[in-house]
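Each ligand, and each atom within it, is numbered from 1 in the order the structure gives. The structure presented is a predicted model; accordingly, all values stated were derived computationally and were not measured.
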Amino acid sequence: MDMTRLTAVGLIQEYERKTLSCLDVARGYLDRAEKYGRLNVFVHLDGEAILSRARALDAKRASGAAMGRLAGVPVAIKDVLCVEGEPTTCGSKMLSNFRPPYSATVIERLLAEDAILVGKTNMDEFAMGSSTENSAYGPTRNPWDEERIPGGSSGGSAAAVAADLAPLSLGSDTGGSIRQPAAVCGIVGLKPTYGRVSRYGLIAFASSLDQIGPFAHDVADAALLLGVISGPDPRDATCVDAPVPDYLATLDEAPRALRIGIVREFFGAGLDPEVEAAVRAAIQVYEDAGATVREVSLPHSKYGVPAYYIVAPAECSSNLARYDGTIFGRRSADFSPRYPGEDKLPPIVRMMMASRAEGFGAEVKRRIMLGTFALSAGYADQYYNQALKARRLIRNDFDAAFHEVDVLVGPTSPTPAFKLGERAADPLAMYLSDVYTITANLAGIPGISIPCGLTKAGLPIGLQLLAPAFAEESLLRAARVFERAGDWHLKRPPLA
Ligand code: GLN
């Protein structure tokens, strides 16, 4: 048996049957990570630490102690999440030397459930991007076609699961960064409701949008990991104090008379015909399974991308002000005056300017400038406050739609994975990669992408499902209805 082909649920069963030890599994995954190093999935991987964790878990099991819900399951971690004492770069040169003095709440929860952390995954710098090409550590390659992007910004975490370098991983989603890479890597990715999962220890990009969520091969594994990371946290005041259902236990309870809404606006210009065909076929699967299907309209979704590209950069310009070389992160070694008049500035100001100029990449600088402009006196009303109004209208559209239907469906990404470099010079084309995912972040609602097909060229296609706030249980069950009817979740890339 190739243990790296098991799902987390399958792996846990093998542990219970005592056919595998954690050490066997850790070794198997480390070998595979080495074999596929060319994909550039991990920015940090400490083999010794993984093996000693595995040995400790085997000893715990041998002692007869009760094991956690993720006992011995390898989980790859997007490098946006703080792990105490481990390098945490956020894909940036700015944090190349940063080792946080504390761990994120989600990391503590994984460790408390006896998971094995298997490395920090590559990402777009500060989670800004849709292709993982904005990483300071080189792009990650899509396991289905190594000349193509794995999506982003959580491209490393998506590729880790797709290439079976870990059965589970964590990502973050501010405008689509879990769902879009899941779609183009042929796996499941779930963005929880805003407030479902603590962001303590998540390096902030846009705080009113960011959420942490799971990647997995199938819906059951996503449900398992979501259950572990969800729930209130006194260290994150935005995390809602609501009970966490047992997502896994209720997964196969057939949703009663599922009502599906097809989002009309998600089938317009720019949608690849093969993606559209696969999504329409998926909708037919729901009809065949007895769901009622109707078309619904989200008339303000056309404002999603423009509103997002005001709100997200505005929040980013404020969040990223902390990287100034004084307390942590990169400090420029040479801040001698370079421009006319710079010699009149105090050295500490020149140090901050030089540290930021060296530490941030082009896309991050673009966002900081866009955000600073949008918030500046005289422009805030024209841009930022307008964007907030659009955001409210988008939320109202969803509220109205969810009076009529239980879940909304459509494509996750307008196209399959594009070629490395193809959109690098065109920020707008890159931003449009998230045209169907961004509105869920603006509204705060949960969304999932599940595999629903392959193009003729063998590239994965994702189906997106959206549900009302805190309805992850019904979102997962609805996703499971589709998954059970086919075998897209069993497909694996033809990796040599
Ligand atoms: N691609 C979008 C952006 O660049 C979303 C990123 C994300 O969700 N982190 O902002």
Side-chain angles (χ1 to χ4, degrees), residues 78-81 90-92 121-135 139-140 149-158 169-185 189-192 194 197 199 202-215 304-320 360-371 374 387 391 412-415 417-418 422-424 426-449 462 464 466:
K78 185 179 182 183
D79 207 24
V80 70
L81 290 163
C90 217
S92 183
T121 61
N122 199 13
M123 55 182 283
D124 286 300
E125 185 176 9
F126 286 102
M128 297 170 201
S130 307
S131 67
T132 314
E133 294 169 295
N134 294 338
S135 169
T140 295
I149 58 104
S153 63
S154 317
S157 280
S169 63
L170 288 182
S172 64
D173 191 313
T174 304
S177 281
I178 293 175
R179 290 159 289 155
Q180 182 260 11
V184 302
C185 284
L190 187 149
K191 182 201 90 78
Y194 187 79
V197 177
R199 284 105 44 86
L202 168 74
I203 296 177
F205 162 14
S207 305
S208 77
L209 302 162
D210 300 337
Q211 266 293 295
I212 300 165
F215 287 103
V305 170
Y308 174 89
Y309 278 96
I310 296 294
V311 172
E315 295 183 16
C316 125
S317 70
S318 160
N319 274 324
L320 272 59
F360 290 138
E363 182 61 27
V364 172
K365 288 177 181 161
R366 180 180 295 124
R367 305 279 179 112
I368 291 171
M369 287 190 280
L370 282 171
R391 185 175 188 175
T412 307
S413 166
T415 66
F418 47 91
E422 193 178 305
R423 295 185 194 168
D426 185 350
L428 190 59
M430 192 69 89
Y431 296 172
L432 287 170
S433 310
D434 300 303
V435 58
Y436 306 136
T437 49
I438 271 174
T439 47
N441 301 76
L442 290 168
I445 62 171
I448 191 170
S449 181
Q464 180 175 228
L466 302 169

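- Any N or O atom pair closer than 3.5 Å counts here, and D173 shares no such pair with ligand 1.
- Taking a 4.0 Å cut-off on heavy atoms, E363 fails to register as neighbouring ligand 1.
- Using a 4.0 Å heavy-atom cutoff, A312 is absent from the residues neighbouring ligand 1.
- Residue G152 has no N or O atom closer than 3.5 Å to an N or O atom of ligand 1.
- Those atoms of ligand 1 that come under 4.0 Å of a heavy atom in D434, given as number and element, are 1 (N), 2 (C), 5 (C).
- With a heavy-atom cut-off of 4.0 Å, F205 touches ligand 1 through its side chain alone.
- Only the side chain of Y309 comes within contact range of ligand 1, with a heavy atom under 4.0 Å; no backbone atom does.
- Atoms CD and SG, on E363 and C316 in that order, are 9.0 Å from each other to the nearest 0.5 Å.
- Neither the backbone nor the side chain of K191 comes within 4.0 Å of ligand 1, counting heavy atoms alone.
- N122 places none of its side-chain heavy atoms less than 4.5 Å from the side chain of D79.
- Using a 4.5 Å heavy-atom threshold, the side chains of F126 and N319 count as separate.
- Distances below 4.0 Å separate heavy atoms of Y308 from the following atoms of ligand 1: 2 (C), 3 (C), 5 (C), 6 (C), 10 (O).
- Looking at atom 6 (C) of ligand 1, its nearest protein heavy atom turns out to be S177 OG, 2.9 Å.
- Numbered from 1 in the order shown, with element, the atoms of ligand 1 that lie under 4.0 Å from a heavy atom of A127 read 6 (C), 7 (C), 9 (N).
- Under a 4.0 Å criterion applied to the non-hydrogen atoms of M128, ligand 1 contributes the atoms 4 (O).
- For atom 4 (O) of ligand 1, the nearest non-hydrogen atom of the protein is R367 NH2, 2.7 Å.
- Contact atoms of ligand 1 toward S153: 9 (N) (distance under 4.0 Å to a heavy atom of the residue).
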